[in-house]
Amino acid sequence: MPGPVLYSRPMADSSLGKLLNRFRKKVEIKDEDRVFLPEIFGIKPGYYLAVLYGAAALFVLFLILLYPGLSKPGSISVFSSEPAGAAVRVDNITLGSTPCKIFIPQGKRFIEFILPGFESDTRDLEIRGRIFGSLFFPKKIVITGRLVSSDPVGAFALSALEYRYWSAADPTEAYQIPMSLSAGAYRTGPSAKDPAIRNTMQGILDDSLRYAASKASARDLLRAQFLLDNGGLSPSPLTLLRSIKKVSDRLEKNPGAPFWLAGLLPLETSPKVTQSEWFKKNEAENPEQASIGTFDLPFRFARSLTLENLGFVSVNSGYFEKYGRRESMPPLYIALTPVTQAAWDAFTAENPDWSAANRDKLIAQGLVGNDYLVPVDNPAYPVPAAPGISWYAAAAYCAWLSAKLPSSLSGWELRLPSEKEWEYGIRQFETAPPTGRPGRLWEWCSNTFAPLNFFPASEEALEALEKASASEISAVPPPDRVLRGGSWINPPGSVGIETRGSLPPETSSPFVGFRPVIVPKREN
């Protein structure tokens, strides 16, 4: 079958052809349209244009190859340290933390590696740069710091304080908390080869368990245990198994552990704990119920005494049992009431720095709040009590009054009570413990607040943490202090003797006071 026949008209006859033919016409260039470059100093254009183009090329090469090195001489310094995570300071300005890369200008520079709890590594360096090709091939130098801690326990305690602080945060996928405790175990782990140091560091780790209230904090704690057991190094299969057994043994012996673990595990896993015999046994025994007993010993000290307008009553020695732990309690005196205004006035008469007239200065120092010693205009307020006393102010009062103890109590001290001492004393001398009825105040205790207080902590570890918290290099705010008792604002029956609260130590509140105790010094 023949193909289709195509018909076309000549290009010249089409509209497109007419348009193209118009552009094909020869363009006539007239003399007035010609441009002639003049000679310069007798040099023809072809020569001086070549020179100009060459100069432009050289200028571009200068900008690319030489100018960066001349205008910004220096070198890229690669910083590392052992242990890692140290702050890098150049001429007293913090620029990053190891490992990192930092451009340092040319010249004599003072380099510092700083890590809390470790001795700083410092050096003076002459930093030089590269002139040619520094944009593409900058000069690089490697600077390594070596940091040593003269007090590894204190350094680890600083990490534990940071862990405490972050444990209250609620991490999300977009907001993660730092692995502070395990970072501290990595840095100080090599020092744990010394048994004495290792025992104290383990005590600090045990105390940190009382703050593992979230999955993230529990993960950090577990990682820290693995690192500490392996001297700061990644665990081997054998040391990993040993660490897991150590943790499981510790949890198995604690009556509060199954409830904590059940709340921490995912919903699909927690029934394995809640349905276990371990959980049911501890649930039936109610480990939170306190048991107290006294020893019927003949008194060798007064049953009551009064110091600077504040009355005290004695409590026999005995035992205090809670969460499956029975601890002996020495005899003590406990104040009959929270510190009264008259008792506080005796203190400020000798210590005017703590008077209401000095409130603004104390606030600036972070020792009290805005309501410090501000009278409360409410008929329900227990009028004899001094209003708005912060934890710091209460501790200062106790230190002042302790120096006034009679010679018969030369081996004793007056201070804020621990939680255990407060509950032991209140249960002993009050037939009706404070339950939030009118006439009461929440009362400061000496302890820092730990949400999981059913896990034990050694006195040695607590002392190390208190010392670290008071040090100038601590980078976290002071921890909250425990409150017990309930106040006049709480409805009757809403607060029991076992109820716990907490506030930052500088807080001054019309609902908070304090009740000192007199106890034998630890060495006695």
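Any value given below was found using the heavy atoms of this structure, including those in side chains, with hydrogens, waters and symmetry copies removed.
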Measure the shortest side-chain to side-chain distance between Leu65 and Leu135 over non-hydrogen atoms and say whether it is less than 4.5 angstrom.
no
Report, as yes or no, whether the 6.0 Å neighbourhood of atom CZ on Arg146 holds more than 12 heavy atoms from other residues, nucleotides or ligands.
no
Do Trp354 and Tyr397 make the cut of ring centroids closer than 6.0 angstrom?
no
Would you call Lys246 and Asp249 a salt bridge, taking side-chain N to carboxylate O under 4.0 Å as the test?
no
What pair of heavy atoms forms the shortest contact from Glu119 to Leu147, and how long is it?
O-CD2, 3.8 Å
What pair of heavy atoms forms the shortest contact from Asp121 to Gly145, and how long is it?
OD2-CA, 3.3 Å
Could you tell me whether the side chain of Ser71 and the main chain of Tyr67 form a donor-acceptor pair under 3.5 Å?
yes
So, the side chain of Ser487 versus the backbone of Leu441: is there a donor-acceptor pair under 3.5 Å, distance only?
no
Around atom CZ of Arg128, are there more than 12 heavy atoms from other residues, nucleotides or ligands closer than 6.0 Å?
no
Please find the pair of heavy atoms, one from Ile473 and one from Gly117, that lie closest to each other, and give the distance.
CD1-N, 3.6 Å
Is the CG atom of Asn370 crowded by more than 12 outside heavy atoms at less than 6.0 Å?
no
Can Ser159 and Ser180 be said to form a side chain to side chain donor-acceptor pair (under 3.5 Å), step by step?
CA-CA 6 Å; Ser159 298; Ser180 307; over 6 Å; no
Exercise: identify the closest heavy-atom pair between Ser120 and Ile114
OG-CG1, 3.8 Å
Does Ile143 form a side-chain contact (heavy atoms from CB on, under 4.5 Å) with Leu125? I'd like the steps, not just the answer.
CA-CA 10 Å; Ile143 305 174; Leu125 292 179; 3.6 Å; yes
Can Trp442 and Asn490 be counted as having a side-chain donor-acceptor contact under 3.5 angstrom?
yes
Between Thr98 and Ser81, is any side-chain donor less than 3.5 angstrom from a side-chain acceptor?
yes
Are the side chain of Ser471 and the backbone N or O of Ala468 linked by a donor-acceptor pair below 3.5 Å?
yes
Check: Phe511 main-chain N/O paired with Ser509 side-chain donor or acceptor under 3.5 Å
yes
Donor-acceptor pair, Asp91 side chain versus Phe110 backbone, under 3.5 Å?
yes
Please round to the nearest 0.5 Å and tell me the distance separating atom CD1 of Ile141 and atom OG of Ser75.
4.0 Å
Donor-acceptor under 3.5 Å (Tyr163 side chain, Ser217 main chain):
yes
With the threshold set at 4.0 Å, does a side-chain nitrogen-carboxylate oxygen contact exist between Glu459 and Arg522?
yes
Using side-chain heavy atoms (C-beta onward) and a distance below 4.5 Å, is Pro478 in contact with Tyr392?
yes
Given the rule in the side-chain contact (heavy atoms from CB on, under 4.5 Å) test, do Leu483 and Val512 qualify, once you have shown the distances and angles that lead to the verdict?
CA-CA 8 Å; Leu483 296 170; Val512 178; 3.7 Å; yes
Within a strict 4.5 Å, meaning less than it, do heavy atoms of the Val273 and Ser270 side chains meet?
no
Among Glu423, Glu443, Glu421, which residue satisfies the salt bridge (charged side-chain N to carboxylate O under 4.0 Å, His left out) criterion with Arg484?
Glu423
Inspect the surroundings of CG in Leu240 and state if more than 12 heavy atoms from other residues, nucleotides or ligands are less than 6.0 Å away.
yes
Does any non-hydrogen side-chain atom of Phe113 lie less than 4.5 Å from one of Val88?
yes
Can a side-chain donor-acceptor contact be found between Trp391 and Glu506 if the only test is distance below 3.5 angstrom?
no
More than 12 heavy atoms of other residues, nucleotides or ligands under 6.0 Å from NZ of Lys140: yes or no?
no
Non-hydrogen atoms of Ser182 and Asp220 that approach each other most closely
OG-OD1, 2.6 Å
Phe59 CZ: over 12 foreign heavy atoms closer than 6.0 Å:
no
Under 3.5 Å, is there a donor-acceptor pair between the side chain of Asp371 and the main chain of Val374?
no
Do Arg325 and Pro456 come within less than 4.5 Å of each other through their side chains, counting heavy atoms only?
yes
Spell out, as yes or no, whether a donor-acceptor pair under 3.5 Å connects the side chain of Thr348 to the backbone of Ser355.
no
Does CZ in Phe320 sit with more than 12 non-hydrogen atoms of other residues, nucleotides or ligands closer than 6.0 Å?
yes
Could you go through Ile197 and Val153, starting from their C-alpha distance and side-chain angles, then the distance that decides it, and tell me whether this counts as side-chain contact (heavy atoms from CB on, under 4.5 Å)?
CA-CA 7 Å; Ile197 293 176; Val153 170; 3.9 Å; yes
Phe279 ring centre to Lys272 NZ or CZ under 6.0 Å, with the angle to the axis within 45°?
no
Quick one about Asp229 and Ser243 (side-chain donor to acceptor, distance below 3.5 Å, no hydrogens or angles considered), yes or no?
yes
Side chains of Pro510 and Pro387: does their closest heavy-atom pair fall under 4.5 Å?
no
Taken to the nearest 0.5 Å, the spacing of Asp353 CG from Asn358 CG works out to 5.5 Å
What distance do Gln225 atom CD and Ile244 atom CD1 have between them, rounded to the nearest 0.5 Å?
11.0 Å
Can you tell me how far the OG atom of Ser234 sits from the CZ atom of Arg223, to the nearest 0.5 Å?
8.0 Å
If we ignore hydrogens and angles and just use 3.5 Å, is the side chain of Asn199 paired with the main-chain N or O of Pro195 as donor and acceptor?
yes
Does the pair Trp260 and Phe454 meet the rule for a side-chain contact (heavy atoms from CB on, under 4.5 Å), with working shown?
CA-CA 10 Å; Trp260 163 75; Phe454 47 81; 3.6 Å; yes
Could you report the tightest heavy-atom contact between Pro417 and Asn447, atom names first, then the distance?
O-OD1, 4.2 Å
Side chains of Glu350 and Trp400 only: does a donor on one sit below 3.5 Å from an acceptor on the other?
yes
I want to check a possible cation-pi pair here: Arg481 against Trp444, using under 6.0 Å from ring centre and within 45° of the ring axis as the test.
no
Could you go step by step and tell me if Phe132 and Phe137 meet the ring-ring contact (aromatic ring centres under 6.0 Å, His included) rule?
CA-CA 9 Å; Phe132 183 79; Phe137 309 103; 8.9 Å; no
Answer yes or no on whether Arg326 is positioned over the face of Tyr319, meaning its NZ or CZ is under 6.0 Å from the six-membered ring centre and within 45° of the axis.
yes
Check for a donor-acceptor pair, side chain of Asn254 on one end and backbone N or O of Arg250 on the other, with a separation under 3.5 Å.
no
How far does OG of Ser134 sit from CD1 of Ile64, to the nearest 0.5 angstrom?
12.0 Å
Are a donor atom and an acceptor atom from the side chains of Ser474 and Ser469 found within less than 3.5 Å of each other?
no
If you count the non-hydrogen atoms of other residues, nucleotides and ligands that lie under 6.0 Å from CD in Glu460, is the total more than 12?
no
Whether the Thr188 and Ser191 side chains hold a donor-acceptor pair (N or O, under 3.5 Å, no angle test) is what I'd like checked.
no
Under 3.5 Å, is there a donor-acceptor pair linking the side chains of Glu126 and Gln106?
no
Report the distance from atom CG of Leu228 to atom OG1 of Thr239, rounding to the nearest 0.5 Å.
11.5 Å
